[in-house]
Structures are given as structure tokens and as C-alpha cells.
Participant: 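Submitted below is the structure of interest, expressed as C-alpha cells.
Here is how names work: the chains are called A, B, and so on, in the same order as the sequence lines, proteins then strands, and each is numbered from 1. Quick note: numbers below take in every heavy atom, side chains included, and nothing from hydrogens, waters or symmetry partners.
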Amino acid sequence: MKLPAARHDWDIDTQAAAAVQRELAGRIIRRGSLGKLRYAAGLDCAFPAEGRECLAAAIVWDMEKSCIVEEQHATAPTLFPYIPGFLSFREAPAILAALEKVQHRVDLLMFDGHGIAHPRRLGIASHVGLLCDMPSVACAKSRLTGLHVEPGPQRGNRTQLLAKDGEELGAVLRTRDNVKPVYVSIGHKTTLDEAVNTVLRCGRGLRLPEPTRLADKRVAEIKKDMART
DNA sequence: GCGACAG
DNA sequence: ATCTTGTCGC
């Protein structure tokens, strides 16, 4: 897919990165887009070569037929260490490279990580969604920020993830009966309800939605045969 | 200064 | 994320 050329530097320190996040956060659109949402691109990364490079995979999932329609992957040098709150500066370059290779139509991006449920309201889903100017949803396996009570035990049960000042940051969603819930939040150009529905629609019997779960599986496989050669 | 802390 | 085998449960 064609991605906007205007981007910022990635090889910067945490102070500059935080400044970028605060500036870009103001451009995030917390409303739904117009078009039909059928093709979701799940993104995830792994770190081959002892972490010196980042490998990203994009799995384009047909939400109607529940099948993969395309998959691409790319690598980029790892320019940033893992620091909570700055995940996108570590993974976004490789993810954008993988997305550039995608030929099929994509209606939304799905991430393993947070969106606006972030200290400066610009988690990786929001950051990449904004740079691609695409609707994006976030589905993280654990909390980064925000407060919440435990949701009910059944699939579909949810509670609010709230900031100290009461701002709604996301939803703590049970995607499988009696299994640890996931943290869903708006990335860009979506509403929280759309994000929650998308996550539920993309997941059947498992805790994580298919697009990101399959992307995780892919990078693990690729990394594996990268190692044995 | 002391905890918390996506992947 | 990554290092790692078997094992308990649906």
C-alpha cells in the first residue's frame, strides 16, 4: 500500500520521542470512518539477530470469509531499546516497511499493543494508524496505564479502562470465557465500540484476534528459519 | 525519592 | 520481546 511520505525521524532520544508523541496525539481522530470494514491487517514483530534487527509481518485477514488473503514481511534495524511508552519507536519502522509491500485492499490495521490507552495518548496503534492515515485498533495483552475493575467472566463482558481524570482510554474485554481479558483501545479513526466489535469479530475460540495472532505466529516461523541458516 | 511499566 | 519441556485443563 502507498504510505504518506511525510514522516519524522525514528533515530532520536526519548525526550524527542516524547515530544513527537505529544504533538501527534493531537491529530488522532476518535471517530469512526465511513467505509465498510472487511479486510484487517494484523501486525506484529520479532527480533532476530540477537535483537539487532526488527522483523515485522502483516497478515491481511478477510473478516467475512475468515481467511488470510495476503501476507508480507520486512525487516529494519532496531534503533530503539524497549522502554514502556515508546514501543512504536522500536517497531514502527519495520511495520511500515511490511505495510508498503501489501498489495491487497486493507480497511483497518490491528496491533498487538495499545492505542490511546497510553501515557501521552499515542501508543503504537495510534502512531502507525496516523502515519498511514488508516483506521486502526489496539488489542494489548496487558495494561500500560489506566485503572479498571475486573470484567465479568464471559466472552463479550467488558469494563472501562479509565485515566485518573475520568477520561475513557479503552475497554478491558473478555474474549474467551474464564480467560484473562485483553485491553482494547482506539488507534485512529475508529470508536471504542467499533474497536471492541472488530476484536470480537476477528476472534473465535482464542484469546487474541486472528490477524495479530497469525502475524505473531508468522514472525516466529520466519525468525526460526532465519536462525538455522 | 518510590513504584509502575505495551512488546 | 526472549530464554525453554513438560504438563494440566477445556
Side-chain angles (χ1 to χ4, degrees), chain A residues 10 14 17-18 20-21 24-25 28 42-59 73 75-96 98 109-130 136-148 153-155 161-164 169-188 195 199 203-209 211-228:
Chain A
W10 295 103
T14 57
V20 166
Q21 294 178 326
L24 298 184
I28 294 301
L43 297 318
D44 197 30
C45 298
F47 295 83
E50 301 156 349
R52 282 169 290 127
E53 55 181 65
C54 178
L55 165 68
I59 299 291
H73 62 85
T75 61
T78 303
L79 304 174
F80 217 86
Y82 170 66
I83 299 173
F86 296 92
L87 181 65
S88 59
F89 287 86
R90 183 172 168 76
E91 305 189 338
I95 287 175
L96 291 171
L109 307 179
M110 184 170 282
F111 295 80
D112 186 348
H114 294 93
I116 63 170
H118 176 279
R120 289 167 293 284
R121 309 295 181 262
L122 196 87
I124 189 167
S126 297
H127 196 162
V128 179
L130 178 70
S136 64
V137 305
C139 180
K141 299 184 292 298
S142 62
R143 187 192 72 93
L144 171 60
T145 190
L147 307 170
H148 69 86
Q154 304 197 304
R155 169 181 164 84
L161 177 63
L162 304 168
K164 287 186 177 180
L169 300 178
V172 185
L173 177 70
R174 194 79 67 179
T175 51
R176 282 194 69 177
D177 291 1
N178 299 79
V179 166
K180 187 179 192 288
V182 295
Y183 294 77
V184 179
S185 59
I186 289 171
H188 182 51
V199 168
R204 285 274 63 101
L206 306 175
R207 177 164 91 118
L208 301 179
T212 50
R213 189 185 71 77
L214 292 170
D216 175 87
K217 186 181 179 184
R218 263 321 265 136
V219 292
E221 298 171 343
I222 298 171
K223 174 184 174 179
K224 192 168 187 177
D225 37 64
M226 265 181 99
R228 28 153 245 185

Participant: Rounded to whole angstroms, how far apart are CZ on F47(A) and C1' on dT2(C)?
Facilitator: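 Rounding to the nearest Å, CZ of F47(A) and C1' of dT2(C) are 10 Å apart.
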Participant: Salt bridge or not for R218(A) and E221(A), using N-O below 4.0 Å?
Facilitator: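 Salt bridge: yes.
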Participant: Measure from the side chain of K223(A), starting at C-beta and using heavy atoms only, and say which of dC5(B), dC3(C), dG7(B) lies closest.
Facilitator: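 Of dC5(B), dC3(C), dG7(B), dC3(C) is nearest to the side chain of K223(A).
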Participant: How about NZ on K217(A), more than 12 heavy atoms from neighbouring residues, nucleotides or ligands closer than 6.0 Å, or not?
Facilitator: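 No - once you tally the heavy atoms of other residues, nucleotides and ligands closer than 6.0 Å, there are 12 at most.
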Participant: Regarding D216(A), tell me which of base, sugar-phosphate or nothing describes its non-hydrogen contacts under 4.0 Å with the strands shown.
Facilitator: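 Since only primed, P, OP1 and OP2 atoms lie under 4.0 Å of D216(A), the category is sugar-phosphate.
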Participant: Only one of H114(A), K141(A), H148(A) forms a side chain to side chain donor-acceptor pair (under 3.5 Å) with Y183(A), so which one is it?
Facilitator: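 Result: among H114(A), K141(A), H148(A), H148(A) is the only option passing the side chain to side chain donor-acceptor pair (under 3.5 Å) with Y183(A).
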Participant: Which distance, rounded to the nearest 0.5 Å, do you find between the CG of L87(A) and the OH of Y82(A)?
Facilitator: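 One finds 6.5 Å between CG of L87(A) and OH of Y82(A).
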Participant: For DNA chain B, what are the stems built from at least three Watson-Crick or G-U pairs in a row, each pair having both distances below 3.5 Å?
Facilitator: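 Stems for DNA chain B, defined as runs of 3 or more consecutive pairs: none.
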Participant: Just so I know, are the side chains of Q21(A) and H118(A) near enough to count as touching, which here means a heavy-atom distance under 4.5 Å?
Facilitator: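 SC-SC contact between Q21(A) and H118(A) confirmed.
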Participant: Pick base, sugar-phosphate or nothing for F80(A), based on heavy-atom distances below 4.0 Å to the nucleic acid.
Facilitator: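 Nothing, no nucleic acid heavy atom in range.
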Participant: Hey, does the side chain of R143(A) come within less than 4.0 Å of dA6(B)'s phosphate (OP1/OP2), counting only N and O?
Facilitator: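 Indeed not, no polar side-chain atom of R143(A) lies that close.
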Participant: Nearest-Å distance, CG (L43(A)) to C1' (dA6(B))?
Facilitator: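 Those two atoms, CG and C1', are 15 Å apart.
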Participant: Ignoring backbone atoms, establish whether Y82(A) has a side-chain N or O less than 4.0 Å from OP1 or OP2 of dA6(B).
Facilitator: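 It does, given that an N or O in the side chain of Y82(A) lies less than 4.0 Å from OP1 or OP2 of dA6(B).
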